[in-house]
Amino acid sequence: MTTTISSKNIIGKMIPFLELGLDKKLLDEIEKQINTVVKSGNYILGPQLANFEKKFAKFTGVKHAVGVASGTDAIRLALRALGIGRGDRVLTVSATSPFTVIAILEEGVVPIFADIDEATLTLDVDDAERRVDKQSFSANKQSFSSNKQSFSANKKIKAVVPVHIYGNPCDMPRILAFAKKHKIAVIEDACQAHGAQLEGKRVGSFGECGAFSFYPTKNLGALGDGGMVTTSNLGIYNMIKSLRHGGQTKRFWHKYRGVNSRLDEIQAAILAIKLRKLDSFNKKRVILAERYKKNLGGLPIKFQQSYPTAKPVYHLFVIRTKKRNALMRYLAQKGIASYIYYPYPVHRQPAFGDFYDARKSLPVTDRISGEILALPLSPNLTFRNQDKIIRETTRFFRRS
C-alpha cells in the first residue's frame, strides 16, 4: 500500500521512516578505510573480507563466517551446501520478505508455508508440526513451475528456515527439538536480527547455518549490498567458500556448480568498522522501542511480543491495529512517515501461488498482514521526533 499526501497538507518537516546518516567521526573513519582499500589494489577476497568474517563469526558466537553478495544468496548457498536441491521441500513462513522464499525457489526447492505465532509473529512450531504430517502436503498441483522450469515435489522436508522477523528471535529451542525429531536441518534467516539474542546466544548460531543481510537498512548495513553465512560446521564452511566463488577448489578448477557471490573488500572494510558500533546502535533501538511501548501502551494497539529469554534488536518497531490504513494516512498528514512490512503475504502473491494449497490456510498470517504498521525507528531518531510520533498516534486513537 502506498499513501500519497500533498506536500501542502503536511504539517512541519517530515519525520522520515528511516535515517541512514552517519555521524562525522564514523564517516571519517569509513572514508579513510575506503581509501586504504582503493590504494591496496586488492578488491575481492582479500584481507578486509577475511578480517570481517573472523570478527563477525566471533560476534555471532560461531566458528566460521563466509561473506557473500546478499542475504538471499546466504540462504541459497546454505541450502546448496547442505545438499538440499531440486524437488526437496523446505518449511518456512509466508510472513516474511519475499526474498526468503526467492532464495528457496532459486535452488529448485519447494517452499512449504507454516503459520506464525500471533504474539511473536515468528514461526508457529505447533503449526509446523501439522505441516510435517504427510497428509497436510496434498498440494494443489503435482508439479511446480518456477521461471518456466518444472520440477517434482515428491520429496520429504529437508530443512526449516525460521525467520527472526523484525529482529525478534524465534523459539529456537523448540525449533531445534522439532528439527531433531524430524531429522531436518535448520537455516536461520537472521537477515533482520544482527545481534539479537535468545538464552544468551546470538541468533545465527543455533542452526546448521545462519543467514544475514547487510542491505543498507539493516541493523548492520553496508553502503551497498552484502550478506553472510554463519556456521560452526567446518565442512559446510569450506563448501560455501567454494560455492560463492564458482565452485572452485583451486584457481580455475571448478569441482562444484557454484555461483558468483562475493562480499567485496570495500563493503567488508565498512562493515568491520560498523560492527564495533552495532551493540550500541542496537541498545538505542531498544530504548526507543521501550519508550514507544511505555507511552502507547494504553491505546487499542498490539505490540510484537518476545520470548522470555529473548533480547530483540528492533530492526523495525511494528504495531498492530485494525485502523492501520487510517492511522498511516493521519501520520503522513502530520509529517510522519510510516510503512507496512509486509503488506502482501508471500503465499498470496502471483510469483509464489503454485506453492500454496488454499485448503491449508494461514489464518494468522493473512489477518496480521492487514493490521501491521511500522513506526519510525533507527539509532538516529531523536527523542523529540519520537515524542511527536507518540503524541500524534495518541491523538489519532483518542479522536477516532
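Hydrogens, waters and symmetry mates play no part in the numbers below; they use all other heavy atoms, side chains included.
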Would you please say whether a donor-acceptor pair under 3.5 Å links the side chains of [X] and [Y]?
X	Y	result
H347	D366	yes
T321	K302	no
T365	D115	yes
D189	T100	yes
E129	H182	yes

[X] vs [Y] side-chain heavy atoms within contact, under 4.5 Å:
X	Y	result
V109	R86	no
L296	L375	yes
N325	R329	yes
L77	V68	yes
I116	T122	no

[X] [atom1] to [Y] [atom2] distance, which is reported to the nearest 0.5 Å:
X	Y	atom1	atom2	result
L327	S400	CG	OG	8.5 Å
D88	I184	CG	CD1	12.0 Å
M172	H164	CE	NE2	5.0 Å
K274	L26	NZ	CG	7.0 Å
N168	S306	CG	OG	3.5 Å
E290	N295	CD	CG	11.0 Å

Fill in: Qualifying residue for salt bridge (charged side-chain N to carboxylate O under 4.0 Å, His left out) with E53, from K241, R262, K63, R244
R244

hydrophobic_cluster_shared for [Y] and [X], side chain cutoff 4.5 Å:
X	Y	answer
V286	L381	yes
F212	Y314	no
I270	Y215	no
L223	L20	no
V313	Y341	no

Discussion item. For residues 27-38, which residue pairs pass the side-chain hydrogen bond (donor to acceptor under 3.5 Å, both in side chains) check, not counting sequence neighbours?
Written reply: K24-D28, E29-R276, Q33-Q48

Worksheet item: OH of Y256: more than 12 outside heavy atoms within 6.0 angstrom?
Response: no

Worksheet item: With a cut-off of 6.0 Å (strictly less than), are more than 12 heavy atoms of other residues, nucleotides or ligands near CZ of F99?
Response: no

Worksheet item: Salt bridge between R174 and D126, side-chain N to carboxylate O under 4.0 Å?
Response: yes

Check whether any side-chain N or O of [X] sits under 3.5 Å from a backbone N or O of [Y] as a donor-acceptor pair, and report yes or no.
X	Y	result
E188	G204	yes
E208	V186	yes
T92	V161	yes
R76	I102	no

Fill in: F214-F56 aromatic ring centre distance below 6.0 Å
yes

Worksheet entry | F303/F317 aromatic ring centres below 6.0 Å | yes

[Y] six-ring face occupied by [X] cation (under 6.0 Å, within 45°):
X	Y	answer
K284	F383	yes
R202	F59	yes
K201	F206	yes

Discussion item. Pair I175, V125 - check side-chain contact (heavy atoms from CB on, under 4.5 Å), show working.
Written reply: CA-CA 7 Å; I175 291 171; V125 183; 3.8 Å; yes

Worksheet entry | side-chain contact (heavy atoms from CB on, under 4.5 Å) between I389 and I15, intermediate numbers included | CA-CA 9 Å; I389 299 164; I15 297 175; 4.1 Å; yes

To check you understand the geometry: which heavy-atom pair defines the closest contact between [X] and [Y], and what is its length?
X	Y	answer
H245	H254	O-CE1, 4.3 Å
C191	G71	SG-CA, 3.9 Å
P162	L123	CB-CD2, 4.4 Å
V62	T230	CG2-CB, 3.8 Å

Discussion item. Can you list everything that forms a salt bridge (Lys or Arg N to Asp or Glu O under 4.0 Å) with R291? Sequence neighbours excluded, please.
Written reply: D387

Discussion item. Would you call the rings of Y342 and Y166 parallel, tilted or perpendicular, taking 30° and 60° as the class edges?
Written reply: parallel

Discussion item. Go through it in stages, so that I can follow the logic: the residues are R367 and E118, the test is salt bridge (Lys or Arg N to Asp or Glu O under 4.0 Å), and I'd like the CA-CA distance, side-chain angles, deciding distance and then a yes or no.
Written reply: CA-CA 10 Å; R367 181 172 65 257; E118 187 155 0; 2.6 Å; yes

